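What follows is a short report on a single structure.
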Amino acid sequence: MTSLSVEMLAADATAPITSAGNAQLGIAVLAGIAVIVLLITKFKLHAFLALTIGSLALGAFAGAPLGKAIESFSKGLGSTVAGVGVLIALGAILGKLLADSGGGDQIVDTILAKANGRTMPWAMVLIASVIGLPLFFEVGIVLLIPVVLMVAKRGNYSLMRIGIPALAGLSVMHGLIPPHPGPLVAIDALNANLGVTLALGVLVSIPTVIIAGPVFAKYAARWVDIPAPEKMIPARPSEELDRRPGFGATVFTVMLPVVLMLSNALVEIVVDDPENPVQKVTDVIGSPLIALLAAVLVGLFTLGRAAGFTKDRLSSTVEKSLAPIAGVLMIVGAGGGFKQTLIDVGVGQMILDFSENWSIPTLLLAWLIAVAIRLATGSATVATISAAGLVAPLATGMTSTESALLVLAIGCGSLFFSHVNDAGFWLVKEYFGMSVGQTIKTWSVMETIISVVGIVFVLLLSLVL
């Protein structure tokens, strides 16, 4: 994975493009973030444009020459897209194959066939977590909502009892587990090890999704007792197909990149010898690019061909998967530009200077910064990108475990209390047919539980690792 080295980060942090003092830099950071927040929330400007303008405003407020600010932004955008752009694209292709081939429906139907009333919320968590690995949150919502509504209606279940676990599984995957855009960008910015982050992310995710999913769903169902709205039950992707991929082949394909990346992290920990032949092999097959590429190539056969797709249909599916992620890539790239501008104007050194006298742990600081930006902008991705840029200098000299936990702390903060400025809030509200108040009592509270429980487990891991 292409990434800024720790040495480059340290060098940039100590060689700012402006000679502004800490007070002026502090004001510049607040002003730059305020510009982004206002443009996104009040003027409804696209996050890509808001981050671009905010980066230039940050440089101007910090007293940097405009040419230098533009250069910093361009450098950060380029390095970020180079580092995570291909991974996001491969993840989108795999997710599209899973949805269009009926593989996602096959996983859902197989698990639900073995579930009963008591285990149904746990089945929904399992389904959402497995399907949520390669899918963006919005795509996962669209794929799972028909299932949630149909299960609730046919089984006469409380909609919240079934829906909250599914939403929790998707949200945790989106915020904490690569190859989702937020975690990937944070890993790139903090020079963290993807395999280690993935392994620790799974450890944090399991108890977090249990508490925010099936456990919280019991209370959410009491607070908001509504039936499944029939008008919102759309057709499932596989209804037009003659056949679907098998359950085993589908799960194998989805889990392949995870297994390859985790095996690489495990070998690095156990063997810890770059010259060892086994580690050389796992370094290659366990790299994010190769792991996701292998899953896509396998998926063309185990998902696409198994569903009866022709070569033209496969080519069309791949092509259609890339168009929707253009906006995501540009937001991620602009966030990388904002991060680099923060570093180049000297904000990193300012934070290092201030943090020497702070008693607050670095992990908690990163979480609080992400929480503040999430509340202001409504975007988990923007919160992750901005927080990672602010705390990147603090990752210098950290071990792979420490930097991975820092990524997870930021990811947890980016999920805090989704409300009316978050597109996901309205997506859930409309699909479930809830009022604003009902959505806050269920979805918003669930997101907050994920954020708080997640950071608690991250802090606990930091004490023992």
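Nothing here was measured: the structure is a model prediction, and the numbers come from that model. Along the sequence shown, residues carry numbers from 1.
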| Can you name the nearest heavy-atom pair linking Q24 to G63, along with the distance? | NE2-N, 3.7 Å

| Can you find a pair of side-chain heavy atoms, one from S444 and one from F425, that are under 4.5 Å apart? | yes

| Distance from I450 atom CD1 to F417 atom CZ, nearest 0.5 Å? | 13.5 Å

| task | Find out whether I53 and L45 are in side-chain contact, i.e. whether some heavy atom of one side chain is under 4.5 Å from a heavy atom of the other. | result | yes

| query | How far apart are the C-alpha atoms of L39 and L49, what are their side-chain angles, what is the distance that settles it, and do they pass the side chain to side chain contact (heavy atoms under 4.5 Å, CB included) test? | reply | CA-CA 9 Å; L39 290 177; L49 294 175; over 6 Å; no

| task | In plain terms, say whether D344 and K75 are close enough for a salt bridge, that is, a side-chain N and a carboxylate O under 4.0 Å apart. | result | yes

| query | So, do M446 and T442 sit near enough that their side-chain heavy atoms are less than 4.5 Å apart? | reply | no

| said: On a heavy-atom basis, which atom in V81 and which in G333 lie closest, and how many Å separate them? | reply: CG2-CA, 3.8 Å

| Which residue pairs pass the side chain to side chain donor-acceptor pair (under 3.5 Å) test when at least one of the two sits in residues 193-215, sequence neighbours left out? | N193-E268

| Any sub-3.5 Å donor-acceptor pair from S321's side-chain atoms to V318's backbone N or O? | yes

| field | Closest non-hydrogen atom pair between P165 and M124, with its separation | value | CB-CB, 4.2 Å

Hey, can you pull the donor-acceptor pairs under 3.5 Å for the side chains in residues 458-465, sequence neighbours left out?
residue : atom : partner : partner atom : Å
S462    : OG   : L459    : O            : 2.5

| message | Under a 3.5 Å distance rule, please check whether S171 uses its side chain to pair with a backbone N or O of L167 as donor and acceptor. | response | no

| Is the side chain of S386 donor-acceptor paired with the backbone N or O of A383 at a distance under 3.5 Å, no angle test? | no

| query | Once you round to the nearest 0.5 Å, how far does OG1 of T384 lie from CG of L184? | reply | 11.0 Å

| query | What heavy-atom pair brings G54 and I36 nearest, and what distance separates the two atoms? | reply | CA-CG1, 3.8 Å

| task | Nearest 0.5 Å please: distance from the CG atom of L190 over to the OG1 atom of T396. | result | 9.5 Å

| Can you list every pair that meets ring-ring contact (aromatic ring centres under 6.0 Å, His included) and has a residue in residues 444-465, with sequence neighbours left out? | none

| Could you go step by step and tell me if I285 and N264 meet the side chain to side chain contact (heavy atoms under 4.5 Å, CB included) rule? | CA-CA 8 Å; I285 65 173; N264 182 34; over 6 Å; no

| message | Donor-acceptor check, side chain of T399 to backbone of E402, threshold 3.5 angstrom: yes or no? | response | yes

| request: Would you give the length of the straight line joining atom CD of E71 to atom OG1 of T341, rounded to the nearest 0.5 angstrom? | output: 10.5 Å

| query | Out of curiosity, K96 NZ to L322 CG, how far, rounded to the nearest 0.5 Å? | reply | 10.5 Å

| Note, L394 side chain near L365 side chain (heavy atom, < 4.5 Å) | yes

| request: Check whether any side-chain heavy atom of S418 lies under 4.5 Å from a side-chain heavy atom of R374, and answer yes or no. | output: yes

| said: Looking at L260, is its backbone amide N or carbonyl O close enough to the side chain of S263 to form a donor-acceptor pair, meaning the two atoms are under 3.5 Å apart? | reply: yes

| Stepwise side chain to side chain contact (heavy atoms under 4.5 Å, CB included) check, V148 with F432 | CA-CA 9 Å; V148 171; F432 281 11; 4.1 Å; yes

| task | Decide yes or no on side chain to side chain contact (heavy atoms under 4.5 Å, CB included) for V428 and M434, but give the supporting numbers first. | result | CA-CA 8 Å; V428 171; M434 295 188 289; 4.0 Å; yes

| said: Using side-chain heavy atoms (C-beta onward) and a distance below 4.5 Å, is L375 in contact with F416? | reply: yes

| remark: Closest heavy-atom pair, S55 versus A334, reported as atoms and distance to 0.1 Å, is OG-O, 4.4 Å

| If we only count heavy atoms from C-beta on, is the H419 to I440 side-chain gap below 4.5 Å? | no

| query | Does F48 have any ring-ring contact (aromatic ring centres under 6.0 Å, His included) partners at least two apart in sequence or in another chain, and if so, which? | reply | none

| remark: Minimal heavy-atom distance between Q438 and S435, with the atoms involved, is OE1-N, 2.9 Å

| query | Counting only heavy atoms not in K429, do more than 12 sit closer than 6.0 Å to its NZ atom? | reply | yes

| field | For W223, all residues meeting ring-ring contact (aromatic ring centres under 6.0 Å, His included), sequence neighbours excluded | value | F216

| said: Side chains of I33 and L390, heavy atoms from C-beta outward: is any pair under 4.5 Å? | reply: yes

| Pairs touching residues 69-100 that satisfy ring-ring contact (aromatic ring centres under 6.0 Å, His included), sequence neighbours left out | none

| message | What's the separation between atom CG in L408 and atom CG in L363, rounded to the nearest 0.5 Å? | response | 9.0 Å

| N/O donor-acceptor pair under 3.5 Å between S451 side chain and E447 backbone | no

